[in-house]
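Below is one structure, written out as structure tokens; comments come after it.
Below, chains carry the letters A, B, ... as their sequence lines are ordered, and counting in each starts from 1. Owing to the predicted nature of the structure, the values given are computational and were not obtained by experimental measurement.
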Number of protein chains: 4
Amino acid sequence: MKKREVPASVKDERLVKKRRNEMIKGAIALFKQKGFHRTTTREIAKASGFSIGTLYEYIRQKEDVLYLVCDRIYDEVRERMEKDIGTHHATVESFKLAIAHYFKVVDDLQDEVLVMYQEAKSLSKESLPYVLNKEMQMVAIFEEILQTCVQNGVFQLTEQEIKLFAHNIVVLGQMWAFRRWSLHKMYTLDEFIELQTEFLLRGILQKRS
Amino acid sequence: MKKREVPASVKDERLVKKRRNEMIKGAIALFKQKGFHRTTTREIAKASGFSIGTLYEYIRQKEDVLYLVCDRIYDEVRERMEKDIGTHHATVESFKLAIAHYFKVVDDLQDEVLVMYQEAKSLSKESLPYVLNKEMQMVAIFEEILQTCVQNGVFQLTEQEIKLFAHNIVVLGQMWAFRRWSLHKMYTLDEFIELQTEFLLRGILQKRS
Amino acid sequence: MKKREVPASVKDERLVKKRRNEMIKGAIALFKQKGFHRTTTREIAKASGFSIGTLYEYIRQKEDVLYLVCDRIYDEVRERMEKDIGTHHATVESFKLAIAHYFKVVDDLQDEVLVMYQEAKSLSKESLPYVLNKEMQMVAIFEEILQTCVQNGVFQLTEQEIKLFAHNIVVLGQMWAFRRWSLHKMYTLDEFIELQTEFLLRGILQKRS
Amino acid sequence: MKKREVPASVKDERLVKKRRNEMIKGAIALFKQKGFHRTTTREIAKASGFSIGTLYEYIRQKEDVLYLVCDRIYDEVRERMEKDIGTHHATVESFKLAIAHYFKVVDDLQDEVLVMYQEAKSLSKESLPYVLNKEMQMVAIFEEILQTCVQNGVFQLTEQEIKLFAHNIVVLGQMWAFRRWSLHKMYTLDEFIELQTEFLLRGILQKRS
DNA sequence: AATGAATGAGTTTTCATTCAT
DNA sequence: CATGAATGAAAACTCATTCAT
């Protein structure tokens, strides 16, 4: 699935990229604070460092900002994931590392992850699929890891299980962001990672025996 | 924590209850469809079967509707849970049944659960704690079950683990609602329940050996 | 000019009088605080000790309350004036006493006088004349006093002067109420009375010599 | 006391001034007719020649219009007063001229003066002091004149008397506006000026002898 | 390309008044 | 007579979007 193109009136692609970066940065800060609906386009323009008129040279509608933001957040998460997980060796140890890494990324970007979770539903029927597709790609990362492990005999899992467990991993990580009001009171990030890793591994490993 | 009282201008308590029921029912239907922010108070009044003026005899602000809705959804979930889980025997079998029951409730009320998850963040700083408290009560149900099992020697878990696993159970169930765009394509509810139960049990049981 | 009758649905005249008394008392308290426009009919009903439905058994419109209030305030002022001034002896001394008495009444009822001054303009074209007429009666009191004094050779004034000076007396008294934000800081009531009496007397007496 | 600044969203100061002028003009016309409370913001916008949205680019709240109107009226009165009274010679003759001039200004701006008197009370606790301060400045004009006359031996008055008489002058002038329903029937402006000037002068001069 | 003034449909909320009980 | 629930027109205010400069 190709990226959904948000049309800009401005032709200079380099400029479009630059302005949109400013825009996304400003918008994320605002969305964190007050959510998409309570943030006005004027505020977004101001936070981005340009005028409301200029804002509309780079988007068509307010919703485009949300799409751009969601898109960017996923790219950010993905990028950070790939930096480390690219080198996966299909051992329990490296699986653990992958999970720990993912959880740390979630912790790092917890505001962003939260924004995504709470605001994505406001995307139009047109944009939503593109974002859900990105979420699928996140899941796919863990599917691949699990798959490799299965192929190397480290885990024994059916296709069905692989898919579900990948979802579980993704969700049990995101949990750290969207249930932080409760979890951060009880655990440090390291404790959380250790406990969840144990939990996940057992849930996945059992069959090995 | 006591229920947060939403003041009504109308004095007849029975009537308030009745009208608010109509209101909540109407509002949930609308929130499902278009979310809290895109729903107008006039639409809520209309869907509830009374005029805008009457609506405001039973609430002070639009946000009160959201609070009432969230409150109701939790009560609904809780009620359904308690109907069955009251009779818990601290065996693996009955633990499985509890999970299956919870997942079925989530399936039954998936629209409502979704509304809760996506809109609760729009509650004011004043109301939010009351709703988060209700979510904690949901978690507490599973904490108790796990606790009983541990006391009876069925599971071996630390306090820390009990708390986290209870959260995990709750989240892995809600997942069925908030990731339905993906999960419902791959699994029937029964398959989902079976796979997740297996996963959870292994994650929890392992230490028994 | 006859009193404008505000029609009531209730027939029992005694009851109408009683209820309206409660109403006027409650309304004045509210109008003092927040003015006619910012006071709601519900508040008036509550402050009067009965329900909104009952309120409308004794008036037709909100504006009727204002009319009744204005009417009552004038009656109050008049009544207090007449209690003392009835016995006027057409001497400078008794003229002074009349002024002092009037100023004290204004001081006593300053909130009421203020309400009158600030809200009377909100009366309908239908009611206004009746209230202005009452104001004219206030002026007439002093016209009469001046007239008597002129007839007895105490003052020498033309008809024109009598009318204007009567207005002046009334206004320079009301001033104590509607400029209290300034005057009360500078003078006690007694000082104010003394200074104004001197001022008035000189303005009026001069011609005697 | 500095002017209270009413913030505008529009940055171009020249434009703000121009639009606010249109606004004030439109609003005064409406307030004269129906008072502040009965005038809607849409009516103000329409009378000002722009849309409701544009109106709110130049004010924050409806009340700001009232403040702007009151502020303007005082400036208008002051300006007209200063044009002539600047050259005051501390003689009875020039004192008479000052009064006559003031009374003529009141006559000229009687609608505006009325609006001020009847609506100022609707200003917020925040704005009121600024407007009362302007009223004090009006009084101060006559205080100065009286003071100068006293210093030059034209009148003999205590500080206390100066302050009170200045108030009296101001009020006996405004009277021409707020009691016009009665006074205009009995006197022409010139008659009123002559009679009041005589009255005032006697009240003030007496002590000379 | 950038600006920001102008627009007006749309939103929440209030409140005088009615009328069935 | 008294009540108070119901009504809906009307009010203040917001904000995404456009377009002339």
Side-chain angles (χ1 to χ4, degrees), chain A residues 8-12 15-16 19 37-46 49-65, chain B residues 8-12 15-16 18-19 37-45 49-63 65, chain C residues 8-12 15-16 19 37-46 49-65, chain D residues 8-12 15-16 18-19 37-46 49-65:
Chain A
S9 307
V10 173
K11 295 301 160 206
D12 181 340
L15 193 54
V16 171
R19 289 274 187 261
H37 279 106
R38 296 205 203 285
T39 301
T40 70
T41 50
R42 282 167 123 109
E43 287 170 324
I44 295 171
K46 193 169 190 185
F50 36 79
S51 71
I52 181 68
T54 302
L55 181 72
Y56 274 86
E57 295 286 317
Y58 296 91
I59 55 163
R60 286 165 318 166
Q61 311 170 56
K62 187 186 175 190
E63 201 227 277
D64 289 343
V65 181
Chain B
S9 305
V10 171
K11 293 170 183 174
D12 182 339
L15 193 53
V16 170
K18 184 181 154 224
R19 289 274 184 264
H37 279 106
R38 295 206 203 283
T39 302
T40 70
T41 50
R42 294 194 114 83
E43 287 171 324
I44 295 170
F50 33 79
S51 70
I52 182 68
T54 301
L55 180 72
Y56 275 88
E57 292 285 309
Y58 295 92
I59 55 162
R60 287 165 316 167
Q61 309 171 51
K62 188 185 175 190
E63 201 228 279
V65 181
Chain C
S9 308
V10 173
K11 295 303 160 204
D12 181 341
L15 194 52
V16 171
R19 289 273 188 262
H37 278 106
R38 296 204 203 286
T39 301
T40 69
T41 50
R42 282 166 122 107
E43 286 171 324
I44 295 170
K46 193 170 190 182
F50 36 79
S51 71
I52 181 68
T54 303
L55 181 73
Y56 274 86
E57 294 288 315
Y58 296 92
I59 56 163
R60 287 165 316 164
Q61 309 170 54
K62 186 185 176 189
E63 200 227 278
D64 289 343
V65 181
Chain D
S9 304
V10 171
K11 294 171 183 173
D12 182 340
L15 192 54
V16 171
K18 185 183 155 225
R19 289 275 183 262
H37 279 107
R38 295 205 203 284
T39 302
T40 70
T41 50
R42 295 194 113 86
E43 286 170 326
I44 296 171
K46 194 168 190 181
F50 33 78
S51 70
I52 182 66
T54 301
L55 180 73
Y56 276 89
E57 293 285 309
Y58 295 92
I59 54 163
R60 286 164 318 167
Q61 309 172 53
K62 187 185 175 190
E63 201 227 278
D64 287 342
V65 181

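Salt bridge status for C:Arg42 with B:Glu57: present, with a side-chain N to carboxylate O gap under 4.0 Å.
Between D:Lys46 atom NZ and E:dG8 atom P the separation is 12 Å, expressed in whole Å. C:Tyr58 has its OH atom 12 Å from the C1' atom of F:dT3, to the nearest Å. Separating the CZ atom of A:Arg38 from the P atom of F:dC15 is a distance of 10 Å, rounded to the nearest angstrom. Distance, B:His37 NE2 to E:dG10 P: 19 Å, rounded to whole Å. Going from atom NZ of D:Lys11 over to atom C1' of E:dA6 covers 15 Å, rounded to whole Å. Between B:Gln61 atom CD and F:dA12 atom P the separation is 20 Å, expressed in whole Å. Whole-Å rounding puts the A:Glu43 CD to F:dA16 P distance at 8 Å. For the pair C:Glu57 CD and E:dT21 P, the computed distance is 17 Å after rounding to whole Å.
The residue C:Thr41 sits close to a base: some heavy atom pair falls under 4.0 Å. Across all strands, A:Ser9 comes closer than 4.0 Å to no nucleic acid atom at all (heavy-atom distances). Counting any heavy atom pair closer than 4.0 Å across all strands shown, A:Arg19 reaches sugar-phosphate atoms only and no base atom. Within the nucleic acid shown, D:Thr40 comes within 4.0 Å of sugar-phosphate atoms alone, with no base atom in reach, counting heavy atoms only.
Between A:Thr54 and A:Arg19, some side-chain heavy-atom pair lies under the 4.5 Å cut-off. Within the 4.5 Å cutoff, no side-chain heavy atoms of B:Thr40 are placed close to those of B:Ile44.
Classified by interplanar angle (parallel below 30°, tilted 30° to 60°, perpendicular above 60°), the ring pair C:Phe50/C:Tyr58 is tilted.
Residues D:Glu63 and B:Gly49 each lie close to DNA chain F; by heavy-atom proximity, the contact nearer the 5' end of the strand is made by B:Gly49. Positionally, the nearest nucleotide of DNA chain E for A:Leu55 lies more toward the 5' end than for the other of C:Thr39 and A:Leu55. In this structure, D:Gly53 and B:Arg60 both approach DNA chain E, and ranking their closest nucleotides by distance from the 5' end singles out D:Gly53.
For E:dT3, one of the phosphate oxygens OP1 or OP2 lies less than 4.0 angstrom from a side-chain nitrogen or oxygen of A:Ser51. Within the structure, every side-chain polar atom (N or O) of B:Thr54 is placed at least 4.0 Å from both OP1 and OP2 of F:dA5. Contact annotation: C:Tyr56 does not reach the phosphate of F:dT3 (side-chain N/O to OP1 or OP2, under 4.0 Å).
In this structure, B:Lys11 NZ and B:Ser9 OG are separated by 10.0 Å, a value rounded to the nearest 0.5 Å.
Counting atom types as modelled, C:Arg42 pairs no side-chain N or O with a base atom of E:dT14 as donor and acceptor under 3.5 Å.
F:dC19 is paired with E:dG4 under the Watson-Crick or G-U wobble criterion, all donor-acceptor distances under 3.5 Å.
Test D:Lys62, D:Gln61, D:Lys46 against D:Thr41 for side chain to side chain contact (heavy atoms under 4.5 Å, CB included) and you get one pass: D:Lys62.
The side chain of B:Lys62 lies closest to E:dT12 when the candidates are E:dT12, E:dA5, F:dA2. Among the nucleotides F:dG8, F:dT14, E:dA5, the one closest to the side chain of B:Ile52 is F:dG8.
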